[in-house]
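Mind having a look at this structure? Questions to follow.
As the structure lists them, so they are numbered: ligands from 1, and atoms in each ligand from 1. As the structure is a computational prediction, the values presented were derived from the model and not from experiment. The figures that follow rest on heavy atoms only: side chains count, while hydrogens, waters and symmetry mates do not.
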Amino acid sequence: MKDLTTQLIHHPYQPPAGFAAVTVPVHRASTVIFPNVAALRHRDWSHKTGYTYGLAGTPTTFTLEARMATVEGGRYCTLVPSGLAAVALVNMAFLRAGDELLIPDNAYGPNKTLAEHEMKAWGISHRYYDPMNPDDLRQKLSAKTRLVWLEVPGSITLEFPDVSALAGVIRAHTDRHPEGLVSVIDNTWGAGLAFNAFELGADVSVQALTKYPSGGGDVLMGSVVTRDEALHHQLLYCHMRVGFGVAGNDAEAVLRGLPSMALRYQAQDAATRALAVWMQGQAAVAEVRHPALPGSPGHAAWLRDCAGAACLFSAIFKPEISQAQVDLFCDSLQLFKLGYSWAGPMSLCAPYDVPSIRSAPWPHRGGLVRFSVGLESVADLQADLSQALAKISA
Ligand SMILES: *Cc1c(COP(=O)(O)O)cnc(C)c1O
């Protein structure tokens, strides 16, 4: 098996005879024509052995699904219109009224909001667990639990959990569980490059292809990957019932991003670590969160499990720096634009009020800013941070 960096470029796609281009074309269709009634009755969409209707996939989307399964080290992939739709598809496919869902307290915010609204309205309860404490997860698992979300690292505060330990707790419980229990990891940060989610023990891995795989900040898409055929079919049938198809042009935009993904990941990783270390030395900053920094929560698990890190770090300001000053710092940045999302070419940042998004106590009084480092020059980004810090120390 070749290195993943090579596999992202050399892939099994076969162009039409006589047209030896390696790029995958955009196929767009609702209707697919059948040659006769027998073909219409028997063609099978559920194993992706034939084309039946645009919603069930096209050559473009099947190719991207196969490639995302490869990236993640899984076998089956289902594409959905956004990363959040991937979270929703997983919940809809595996949960029924009366079930309980466990979510890390530091999870991606909209995952929690979905649990608090639609899931609750559909009779599905949820509890938040401390992902840095496997015992807390053990105590919260019950006969009602059907799905456990994992996320690496925690959104915004970037604690890096011990995924194998959490997966071990889930597996021990699954053995005694009457109806099975599914563990799902939000693997957007690792992107399939930093670690293999299945080898750490997850049953299902979701990614926002909006982030690294597309890399351009110009498309929204999500993927749901598994090695388990039965789980895949539950996901796929649900996908067809709810109609979460993706557009051919969008799939092609992601396919164009894949060959450069490993290099972008490495370049953004190096730049992010350099800026995170520099930021640690600044007078206004109390703490910098980045899993590769010694002292950042979960650093030891990151060191053991990961071959790299994504382009995110968070700075927690000293308590004497007011929120108004933190806001002024953000407003003064010129290259770091204010906005959501990450892993695109442009650096971004956003301030967060952590106590309002966590149920666990938060020890800091200073404001937090999360940075996503893009592909600009590190020296220019550091100069930008420096001039914005000078505005608040004056
Ligand atoms: C961005 C993101 C999502 C959602 O992706 P969208 O495509 O924006 O819906 C889910 N999980 C994580 C960790 C993310 O960063």
Within the 4.0 Å heavy-atom shell around T210, which atoms of ligand 1 are there?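 Checking each atom against T210, I get 6 (P), 7 (O).
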G83 versus ligand 1: do any nitrogen or oxygen atoms come within less than 3.5 Å of each other?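 Between G83 and ligand 1 (N or O atoms, distance only) the closest approach is under 3.5 Å.
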Please answer whether the main-chain N or O of H290 pairs with a side-chain N or O of S296 as donor and acceptor at a distance below 3.5 Å.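 Yes; judged by distance alone, with no hydrogens or angles, the pair exists.
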Taking the six-membered ring for Trp and the full ring for Phe, Tyr or His, determine whether the centres of Y237 and H239 are under 6.0 Å apart.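 No; H239 has its ring centre 6.0 Å or more from that of Y237.
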For R304, is the CZ atom crowded, meaning more than 12 foreign heavy atoms sit under 6.0 Å from it?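 Check passes, neighbour count above 12.
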Determine, considering heavy atoms only, which of K211, M221, E151 sits nearest to atom 1 (C) of ligand 1.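 Considering heavy atoms of K211, M221, E151, the nearest to atom 1 (C) of ligand 1 sits in K211.
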Has M240 got more than 12 heavy atoms of other residues, nucleotides or ligands less than 6.0 Å from its CE?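 Yes, CE of M240 has more than 12 neighbouring heavy atoms, counting only those of other groups under 6.0 Å.
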Among all the protein's non-hydrogen atoms, which is closest to atom 4 (C) of ligand 1, and how far away is it?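 For atom 4 (C) of ligand 1, the nearest protein heavy atom is Y108 OH, 3.3 Å.
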Can you tell me which residue and heavy atom of the protein come closest to atom 8 (O) of ligand 1, and the distance to 0.1 Å?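 Residue, atom and distance for the closest contact: L220 CD2, 3.9 Å.
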Note the single closest protein heavy atom to atom 12 (C) of ligand 1, along with its residue, its atom name and the distance in Å.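 The closest heavy atom on the protein side is D186 OD2, 3.4 Å.
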Is the shortest side-chain N to carboxylate O distance from D105 to K112 below 4.0 Å?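 Yes.
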H47 ring center near H233 ring center (under 6.0 Å):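 Yes: the rings meet the under 6.0 Å criterion.
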Is it the side chain (CB and beyond), the backbone, both or neither of L84 that lies under 4.0 Å from ligand 1, heavy atoms counted?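 For L84, backbone and side-chain atoms both sit under 4.0 Å from ligand 1.
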Residue portion contacting ligand 1 (non-hydrogen atoms closer than 4.0 Å) for W342: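 Looking at W342 and ligand 1, just side chain atoms fall under 4.0 Å.
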